[in-house]
Chemist: 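I have a structure here, written as structure tokens, and I will follow up with some questions on it.
If you read the sequence from its start, that first residue is 1, and numbering goes on from there.
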Amino acid sequence: MNTVVKMVILFIFSQVLNAQESVSYDIIVNVKNIDNNKGKVFVGLFNSKDTFLTKRFNGENSSIQNQSCVVTFKNIPAGTYAISLFHDENENNKMDTNFLGIPSEDYGCSNNATGFMGPPKWKDAKFELSTKTITQTITL
């Protein structure tokens, strides 16, 4: 009988630990000041400096209404993240650039980070997701 009680307590304890580890939150992205309602906004969520702007952790796209849109990333585990987005005005599913490689479609990053002579840096765009759902408002 003693062994059965110990096993039940161990099982309950392991379930409590698993529940604590699987805590997740939402990240709400409000995009404001879009030039027009044409096309879509592509939003990428990145979870490391090494993959920032190259390999998304998660991605969504949204139609535009009243020159703004909202994208919600659901059930995201606590951690450090950054967001990058662009307005795909011509709906070709990529960010267009000119002959110098400079984007010809509007773009933005979390914390409204901007780059100087290049894309924004991870350190300027990153934010912590640790205790609650958060909202990032990005103005183009």
Chemist: Can you get from I76 to V29 by hopping between Ile, Leu, Val, Met, Phe, Trp and Tyr side chains that sit under 4.5 Å apart?
Modeler: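 Both belong to a single hydrophobic cluster.
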Chemist: Distance from L129 atom CG to D26 atom CG, nearest 0.5 Å?
Modeler: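 Spacing of CG (L129) from CG (D26) equals 9.0 Å.
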Chemist: Let's go through V31 and V71 carefully: what are the C-alpha distance in whole Å and the side-chain angles of both, what is the deciding distance for side-chain contact (heavy atoms from CB on, under 4.5 Å) to 0.1 Å, and is it a yes or a no?
Modeler: CA-CA 8 Å; V31 185; V71 170; 5.9 Å; no
Chemist: Taking all non-hydrogen atoms of both residues, which atom of S110 and which atom of A82 are closest, and how far apart?
Modeler: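 S110 and A82 have their closest heavy atoms at OG-CA, 3.6 Å.
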Chemist: Do L140 and K32 have side chains that get closer than 4.5 Å, going by heavy atoms?
Modeler: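 No, too far: nothing below the 4.5 Å cut-off.
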Chemist: Test side-chain contact (heavy atoms from CB on, under 4.5 Å) on I138 and N30; report intermediate values, then the result.
Modeler: CA-CA 6 Å; I138 300 172; N30 288 321; over 6 Å; no
Chemist: Which value, rounded to the nearest 0.5 Å, describes the distance between M95 atom CE and F42 atom CZ?
Modeler: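 Between M95 CE and F42 CZ, I get 12.0 Å after rounding to 0.5 Å.
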Chemist: Classify the side-chain pair N66/N37 by whether it contains a donor and acceptor separated by less than 3.5 Å.
Modeler: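 There is no such pair between these side chains.
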Chemist: Which donor-acceptor pairs under 3.5 Å do side chains of residues 50-62 form with protein atoms, sequence neighbours excluded?
Modeler:
| residue | atom | partner | partner atom | Å |
| --- | --- | --- | --- | --- |
| T51 | OG1 | S48 | OG | 2.9 |
| T54 | OG1 | T51 | O | 3.0 |

Chemist: Hey, does L45 have a side-chain heavy atom less than 4.5 Å from the side chain of I27?
Modeler: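 Yes, at least one pair of side-chain atoms sits under 4.5 Å.
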Chemist: Side chains of Q136 and N111: is there a donor and an acceptor less than 3.5 Å apart?
Modeler: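 Present: a donor and an acceptor within the cut-off.
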Chemist: Give a yes or no on whether E91 atom CD has more than 12 heavy-atom contacts from other residues, nucleotides or ligands under 6.0 Å away.
Modeler: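 Result for CD/E91: enclosed.
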Chemist: Output the distance between atom CD (E128) and atom CD1 (I134), rounded to the nearest 0.5 Å.
Modeler: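 Taking CD in E128 and CD1 in I134, the distance rounds to 9.0 Å.
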Chemist: Is F46 reachable from I83 through a run of I, L, V, M, F, W or Y residues, each pair having side-chain heavy atoms under 4.5 Å apart?
Modeler: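 Result: no, two separate clusters.
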Chemist: Where is the tightest heavy-atom contact between K126 and K123, given as atom of each residue plus distance?
Modeler: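 In this case the closest contact between K126 and K123 is CG-O, 3.9 Å.
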Chemist: Check whether I34 and V70 end up in the same hydrophobic cluster, where Ile, Leu, Val, Met, Phe, Trp and Tyr are linked by side-chain heavy atoms less than 4.5 Å apart.
Modeler: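 No, it is not one cluster - the side chains of I34 and V70 are not joined through contacts under 4.5 Å.
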Chemist: Is a side-chain donor or acceptor of N112 paired with a backbone partner of T139 at a separation under 3.5 angstrom?
Modeler: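 Present.
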Chemist: Once you round to the nearest 0.5 Å, how far does OG of S104 lie from CG of N90?
Modeler: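 Going from the OG atom of S104 to the CG atom of N90 covers 8.0 Å.
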Chemist: Give me the atom names and distance for the closest heavy-atom approach of H87 to K38.
Modeler: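 Nearest pair, atom of H87 first, then K38: NE2-O, 2.6 Å.
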Chemist: For the pair Y25 and N75, evaluate side-chain contact (heavy atoms from CB on, under 4.5 Å) and give the outcome as yes or no after the intermediate values.
Modeler: CA-CA 5 Å; Y25 307 98; N75 301 316; over 6 Å; no
Chemist: To the closest 0.5 Å, what do you measure between NZ (K40) and OG (S63)?
Modeler: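 Interatomic distance, K40 NZ to S63 OG, rounded to 0.5 Å: 7.5 Å.
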Chemist: Rounded at 0.5 Å granularity, tell me how far CG in D106 sits from CZ in F86.
Modeler: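 It is 11.5 Å, given to the nearest 0.5 Å.
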Chemist: For Q67 and N36, does a side-chain donor sit closer than 3.5 Å to a side-chain acceptor?
Modeler: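 No.
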Chemist: So which atom in A125 and which in C109 form the shortest heavy-atom distance, rounded to 0.1 Å?
Modeler: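 Result for this residue pair: CB-CB, 4.2 Å.
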Chemist: Any link between I28 and V41 through a network of hydrophobic side chains (Ile, Leu, Val, Met, Phe, Trp, Tyr) touching at under 4.5 Å?
Modeler: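 I28 does not cluster with V41.
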Chemist: Report yes or no: do L85 and F73 belong to one cluster of Ile/Leu/Val/Met/Phe/Trp/Tyr joined by side chain heavy-atom distances under 4.5 Å?
Modeler: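 Yes, L85 connects to F73 through the hydrophobic network.
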